[in-house]
Amino acid sequence: MSLKPSTAFWGERNIIDRPPRIIEVEGAVFDPHPDSEIHAAIYRPDRHLVLESAHTRGPGTLLTPERVKPRKGTATKADALTYIYPGYVNKHYGHFLLSTFSRLWSQNLIDMGLPIIWHADMTIDLAFRLPWFRDIMGALRIDRKRFAAFPKPTKLGKVIIPCPAFIEQKVCFLEYAALGKRIGDALCGSVIRRSKPVYLSKAKVNGGVRTISNEVALETALTRRGFDIVHPEQMSMGQQIALWRSGVPIVSFTGSALHTALFSPGADVLHVDYDQFTNTSFWLINAANGTRADYVHFTDGSVPRIGENERWSCIHELKNLERTADVIAARVNARP
C-alpha cells in the first residue's frame, strides 16, 4: 500500500485575473422551474431563460438546459423596482460556496441595500438556522430581511445579476479568492498555533456523497500517530478558519470540508482522493489562493466502494487501517 500523486484531473483548470461581469435585465420575470433539479428562475420579458442566471458546472455543462421553453402563466408584480439575483441558494455547504457564494463577490453591489431574490428549496428562516450560512451572511453584511421570496411567478422592474466568480470544475476568478480572504479575515477568531497535523473526519456527518464506514477506527489509529482529529461540522466558521490558518498540515479525504481552504490563503493540505482523479474544483481554489496542496491517492484499491444507502451515495471501507494510518503519517512527515 502506498500513496501516489494524483495527476489526472476531472474538469478544467482556468484562472482568470479580472472581475466577472454584472448584467442587468429590465422587465425580468422570476419563476423557479418546477423541476427542482433545474436551478433556473430568471427569464426575459419574452419568457426565455437568462443564461447568465443559470447554474453552470464543468466544461460547457449547464445544469439548466440551454433552451428552456418559454414559461406560460400570469405573473404578479413585485413591490420593489430593482432586485439582486444571487443564483440558487444551495443548502449543501460545498455547493453553496462554489455556486452561490461565488456570486456575492461585489461588496459594493451588496452594500447598495437592494432587496435580494430568494431562490432555494428551503425557507429563509431555515437557511439562517444553518450556522455556516448565518456566519457568512453576517460577514457579508446581509440581514435576513434583505431577502425577498416570491411564491408565484413575479414580474420585476430590473434584476441585477452578478455572474459567478467560480464555476465548478471549470474556472476560478481571482476575485473569488479575494472574496474568500476578505470573509475569512472577518470571521476568523484568534489563531492558535498548533504543533500536530490535523485530520478532518466525516465520521459524525449524517449524510452526503462519500463516507468511510470504518473512519472512527482510522481516527484512533491516526491519534496514536500524533494527529489531532477534528469534525468540522461541530465548529463555527470562525473556528474552522482559525484551524486552517494555524500553520499545520490539514489531511482529509475528498469532501466539502476541504473547500474551507478558500478562507485561508496559504494553508497546507494533504488531499487524499478515493481514486486517481482529482476534481478540479479543489485545484482551482487552492491554486487561486496559494494553498500548498498535495493531491494523492492509494494505488492498490485499498479504499474500495462497498455500497450506498439512503444517506450516502458512496460508502467506502479501508482494508488495512493500521497500514493506512502509517502511510498517511509517513507522507505528512516526509513533506519539506
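Just so it is clear, the values below take in all heavy atoms, side chains as well, and ignore hydrogens, waters and symmetry mates.
With respect to Tyr295, the side chain to side chain donor-acceptor pair (under 3.5 Å) criterion is satisfied by exactly one of Thr7, Thr254, Asn286, Thr278: Asn286. Considering Pro162, Cys163, Pro164 as possible partners of Trp105, the one that fulfils the side-chain contact (heavy atoms from CB on, under 4.5 Å) test is Pro162.
Remark: aromatic rings of Tyr274 and His316 are close, center separation under 6.0 Å. Ring centroids of Phe277 and Trp10 are separated by 6.0 Å or more, keeping the two rings apart. Ring centers of Tyr43 and His48: at least 6.0 Å apart, outside the cut-off. In summary, the aromatic rings of His119 and Tyr88 are positioned with their centroids under 6.0 Å apart. Taking the six-membered ring for Trp, Phe166 and Tyr176 have ring centres closer than 6.0 Å.
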Take Ile328 and Val251 through the side-chain contact (heavy atoms from CB on, under 4.5 Å) test and state the conclusion after the steps. CA-CA 8 Å; Ile328 290 174; Val251 181; 3.9 Å; yes
Test log, rule side-chain contact (heavy atoms from CB on, under 4.5 Å), inputs Leu98 and Ile285: CA-CA 9 Å; Leu98 302 186; Ile285 289 175; 3.7 Å; yes
Residues Ile160, Ile23; criterion side-chain contact (heavy atoms from CB on, under 4.5 Å); working and verdict: CA-CA 6 Å; Ile160 301 173; Ile23 70 166; over 6 Å; no
Can you list the steps and then say if Phe253 with Ile212 is a side-chain contact (heavy atoms from CB on, under 4.5 Å)? CA-CA 9 Å; Phe253 281 85; Ile212 298 173; 3.6 Å; yes
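Asp273 contributes no side-chain N or O that, together with a main-chain N or O of Gln276, makes up a donor-acceptor pair within less than 3.5 Å. Judged purely by atom type and a 3.5 angstrom limit, Arg182 has no side-chain atom pairing as donor or acceptor with the backbone of Leu140. Judged by distance alone, with hydrogens and angles left aside, the side-chain atoms of Glu308 form no donor-acceptor pair with the main-chain N or O of Ile315 at under 3.5 Å. In this structure, the side chain of Glu52 does not engage the main chain of Ile161 through any donor-acceptor pair within 3.5 Å. The closest donor-acceptor contact from the side chain of Lys202 to the backbone of Ser252 lies at 3.5 Å or more, if one exists at all. Checking side-chain atoms of Arg146 against main-chain N and O of Leu114 turns up a donor-acceptor pair under 3.5 Å. Asn214 places a side-chain N or O within 3.5 Å of a backbone atom of Leu318 that can act as its donor or acceptor partner. A donor-acceptor pair is defined here as one N or O able to donate and one able to accept, closer than 3.5 Å; such a pair exists between the side chain of Ser236 and the backbone of Gln239. For the pair Gln240 (side chain) and Pro232 (backbone), a donor-acceptor distance under 3.5 Å is present. Looking only at distances, a side-chain donor or acceptor of His92 sits under 3.5 Å from a matching main-chain atom of Gly94.
In plain terms, the two heavy atoms of Glu215 and Tyr199 that are nearest each other are OE2-OH, 2.5 Å. Shortest non-hydrogen contact noted between Ser213 and Ile306 is OG-CD1, 4.0 Å. The two residues Ser195 and Val248 make their nearest non-hydrogen contact at N-CG1, 4.0 Å. In this structure, Arg245 and Ser264 approach most closely via the heavy-atom pair CG-OG, 3.4 Å. Minimum heavy-atom separation, Pro20 to Glu175: CD-CB, 4.1 Å. Pairing each heavy atom of Phe30 with each of Leu156, the nearest pair is CB-CD1, 3.9 Å.
Tracing side-chain contacts under 4.5 Å through hydrophobic residues (I, L, V, M, F, W, Y), one never reaches Val269 starting from Val332; they form parts of separate clusters. Linking Ile, Leu, Val, Met, Phe, Trp and Tyr whenever their side-chain heavy atoms come within less than 4.5 Å leaves Ile117 and Ile22 in two separate clusters. The same ILVMFWY cluster, assembled from side-chain heavy atoms under 4.5 Å apart, contains both Ile136 and Ile241. Hydrophobic clustering, with ILVMFWY side chains joined whenever heavy atoms are under 4.5 angstrom apart, keeps Ile84 apart from Ile42. Under a hydrophobic-cluster definition in which Ile, Leu, Val, Met, Phe, Trp and Tyr are linked whenever side-chain heavy atoms come within less than 4.5 Å, directly or via other members, Ile142 and Tyr85 are assigned to different clusters.
Taking the side chain as every heavy atom from C-beta outward, Trp312 and Val205 approach each other to under 4.5 Å. In this structure the side chain of Leu258 reaches within 4.5 angstrom of the side chain of His271, judged on heavy atoms. Leu49 is listed as a side-chain neighbour of Leu51, based on a closest heavy-atom distance under 4.5 Å. No side-chain heavy atom of Glu24 sits less than 4.5 Å from a side-chain heavy atom of Thr82. You'll find the side chain of Arg292 reaches within 4.5 Å of the side chain of Arg335, heavy atoms only. Put simply, the side chain of Ile16 reaches to within 4.5 Å of the side chain of Val171, judged on heavy atoms. In this structure, the side chains of Ile15 and Trp283 come closer than 4.5 Å at one or more pairs of heavy atoms. Between Lys4 and Val296, the closest side-chain pair of non-hydrogen atoms is not below 4.5 Å.
Both the sub-6.0 Å distance and the 45° axial angle are not jointly satisfied by Arg134 relative to the ring of Phe128. By the 6.0 Å and 45° rule, Arg144 does not stack over the aromatic ring of Phe147.
Taking a 6.0 Å sphere around CG of Asp125, one finds it holds more than 12 heavy atoms contributed by other residues, nucleotides or ligands. By the 6.0 Å contact criterion, CG on Asn309 is enclosed, its count of non-hydrogen atoms from other residues, nucleotides or ligands being greater than 12.
Checked by atom type, the side-chain pair Ser99/Asn90 shows no donor-acceptor distance below 3.5 Å. Judged by distance alone, the side chains of Asn279 and Ser281 do bring a donor and an acceptor atom under 3.5 Å apart. Between Glu219 and Ser201, the side chains place a donor N or O and an acceptor N or O closer than 3.5 Å (distance only, hydrogens not considered).
Atom CZ of Phe173 and atom OG of Ser102 lie 10.0 Å apart (nearest 0.5 Å). One finds the CG atom of Asp17 at 4.5 Å from the CG atom of Leu174 (value rounded to the nearest 0.5 Å). The structure places NZ of Lys91 at 14.5 Å from CZ of Phe96, a figure rounded to the nearest 0.5 Å. For the atom pair CG of Asp228 and OG of Ser246, the computed distance is 9.0 Å after rounding to the nearest 0.5 Å. Note that CG of Asp268 and OG1 of Thr291 are 9.0 Å apart. Values are rounded to the nearest 0.5 Å. Rounding to the nearest 0.5 angstrom, the gap separating the CD atom in Glu233 from the CG atom in Leu200 is 10.0 Å.
Look at Asp31 and Lys152 and you find no salt bridge, because none of the NZ, NE, NH1 or NH2 atoms lies under 4.0 Å from a carboxylate O. With salt bridges taken as basic N to acidic carboxylate O contacts below 4.0 Å, one links Glu322 and Arg225. Between Lys170 and Glu12 there is no salt bridge, since no side-chain N of the basic residue sits under 4.0 Å from a carboxylate O of the acidic one. Using a 4.0 Å cut-off between a side-chain N of Lys or Arg and a carboxylate O of Asp or Glu, Arg305 and Asp275 do not qualify as a salt bridge.
Below 30°, between 30° and 60°, or above 60°: for Phe101 and Phe263 the angle between ring planes is between 30° and 60°, a tilted geometry.
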